[in-house]
Amino acid sequence: MIHMINPFDDTYFMKKALQEAELALAAGEVPVGAVIVCNNQIIAKGHNQVETLNDATAHAEMLAFTAATNFLGSKYLKDCTLYVTLEPCQMCAGAAYWSQVGRIVFGASDEKRGYRHWQCQVHPKTEVKGGVLADESEALLKTFFENMRR
């Protein structure tokens, strides 16, 4: 039996989300990046732009959700996967709930502000997987906060 290797796995797409997080870091934003994937194709990207846009809701996931729904022409993202470098906050988890995103794959856990801390729910049909490239995500966040303290 021949095993097909899928180069488009969770690690591949999380690396793309990390590239978005690096753009946020370069802009002086909290380095969180997100991509939304449908049929192994990135249909939306986002990184934190809270400071840039002077908008507390301009989280990576929120910007990616808007881009994805515009791309698909649908308010629902049932056949899509959100890859995000940090566990979504309760606002972003709420948006994931309402968009009915099929999967959420996140990197680092957020013990203080993550949706699980607040016991928020994502859509019952949404599959969640955490810890993908968590060390890389945490390293970017650590770099950002160390620079902020200087």
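Bear in mind the structure is a predicted one, so any value in this text is a computation, not a measurement. For the single chain, residues carry numbers from 1 onward in sequence order.
- Between the side chain of Glu87 and the backbone N or O of Asp110 there is at least one donor-acceptor pair closer than 3.5 Å.
- Remark: the backbone N or O of Ala60 is paired with a side-chain donor or acceptor of Asn48 at under 3.5 angstrom.
- Linking ILVMFWY residues whenever their side-chain heavy atoms come closer than 4.5 Å, directly or via other members, places Phe144 and Val84 in the same cluster.
- With contacts defined as side-chain heavy-atom distances shorter than 4.5 Å, the pair Ile42/Tyr83 does not qualify.
- Note that CD of Glu29 is 5.5 Å distant from CD of Glu51, once rounded to the nearest 0.5 Å.
- Between Met62 and Cys92 the shortest side-chain heavy-atom distance falls below 4.5 Å.
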task = Would you sort out whether Ile104 and Tyr115 count as a side-chain contact (heavy atoms from CB on, under 4.5 Å), showing the intermediate values?
result = CA-CA 12 Å; Ile104 298 171; Tyr115 81 97; 5.7 Å; no

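- Taking the side chain as every heavy atom from C-beta outward, Leu72 and Ile43 approach each other to under 4.5 Å.
- Heavy atoms from other residues, nucleotides or ligands lying under 6.0 Å from CD of Gln119 number 12 at most.
- Under the 4.5 Å side-chain heavy-atom criterion for grouping Ile, Leu, Val, Met, Phe, Trp and Tyr, Leu63 is not connected to Phe106 through any hydrophobic cluster.
- Under a 3.5 Å cut-off, the side chain of Thr85 and the backbone N or O of Gly33 do form a donor-acceptor pair.
- Lys45 NZ to Ile36 CD1: the interatomic distance, rounded to the nearest 0.5 Å, is 13.0 Å.
- Of all heavy-atom pairs spanning Ala44 and Ala64, the tightest one is CB-O, 3.3 Å.
- The shortest heavy-atom contact between Ser99 and Phe65 is OG-CE2, 3.9 Å.
- Counting heavy-atom neighbours within 6.0 Å of Asp9 CG, excluding the residue itself, gives a total above 12.
- Counting only distance, with no hydrogens or angles, the side chain of His117 and the backbone of Glu111 share a donor-acceptor pair below 3.5 Å.
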request  = Verify side-chain contact (heavy atoms from CB on, under 4.5 Å) between Val132 and Phe13, making sure each step is shown before the conclusion.
outcome  = CA-CA 10 Å; Val132 176; Phe13 288 117; over 6 Å; no

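- Within 6.0 Å of atom CG in Asn147, more than 12 heavy atoms from other residues, nucleotides or ligands are found, so the atom counts as buried in its surroundings.
- Nearest heavy atom pair, residue Tyr97 against residue Gln121, reads CD1-O, 3.9 Å.
- Shortest non-hydrogen contact noted between Ser137 and Gly107 is OG-CA, 4.0 Å.
- A single hydrophobic cluster is not seen to contain both Val122 and Tyr76; linkage of ILVMFWY side chains at heavy-atom distances under 4.5 Å, directly or through other members, places them apart.
- Shortest non-hydrogen contact noted between Met91 and Ala56 is CE-O, 4.2 Å.
- Leu77 places a side-chain heavy atom less than 4.5 Å from the side chain of Thr69.
- Thr126 contributes a side-chain N or O that, together with a main-chain N or O of Val101, makes up a donor-acceptor pair within less than 3.5 Å.
- For the pair Glu22 and Leu140, the minimum side-chain heavy-atom distance is below 4.5 Å.
- In the hydrophobic cluster analysis, where Ile, Leu, Val, Met, Phe, Trp and Tyr join through side-chain heavy atoms closer than 4.5 angstrom, Val50 is grouped apart from Val30.
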task = Evaluate the side-chain contact (heavy atoms from CB on, under 4.5 Å) criterion for residues Thr11 and Leu133: first the C-alpha distance (whole Å), next the side-chain angles of each, then the deciding distance (0.1 Å), finally the verdict.
result = CA-CA 7 Å; Thr11 300; Leu133 298 181; 4.1 Å; yes

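- Under the 4.5 Å side-chain criterion, counting only non-hydrogen atoms from C-beta, Val32 is not in contact with His59.
- Contact between His123 and Gln100 at its shortest, heavy atoms only, is CD2-CG, 3.5 Å.
- Listed by chain and residue number, Tyr12 satisfy the ring pair (Phe, Tyr, Trp, His ring centres under 6.0 Å) test with Phe8 (two or more places apart in sequence, or in another chain).
- For the atom pair NZ of Lys78 and NZ of Lys75, the computed distance is 10.0 Å after rounding to the nearest 0.5 Å.
- Residue Leu82 is not grouped with residue Leu23 when hydrophobic side chains (ILVMFWY) are merged at heavy-atom distances under 4.5 angstrom, including chains of intermediate members.
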inquiry  = side-chain contact (heavy atoms from CB on, under 4.5 Å), that's the test. Do Glu61 and Cys89 meet it? Break it down for me.
reply    = CA-CA 10 Å; Glu61 303 96 316; Cys89 71; 5.8 Å; no

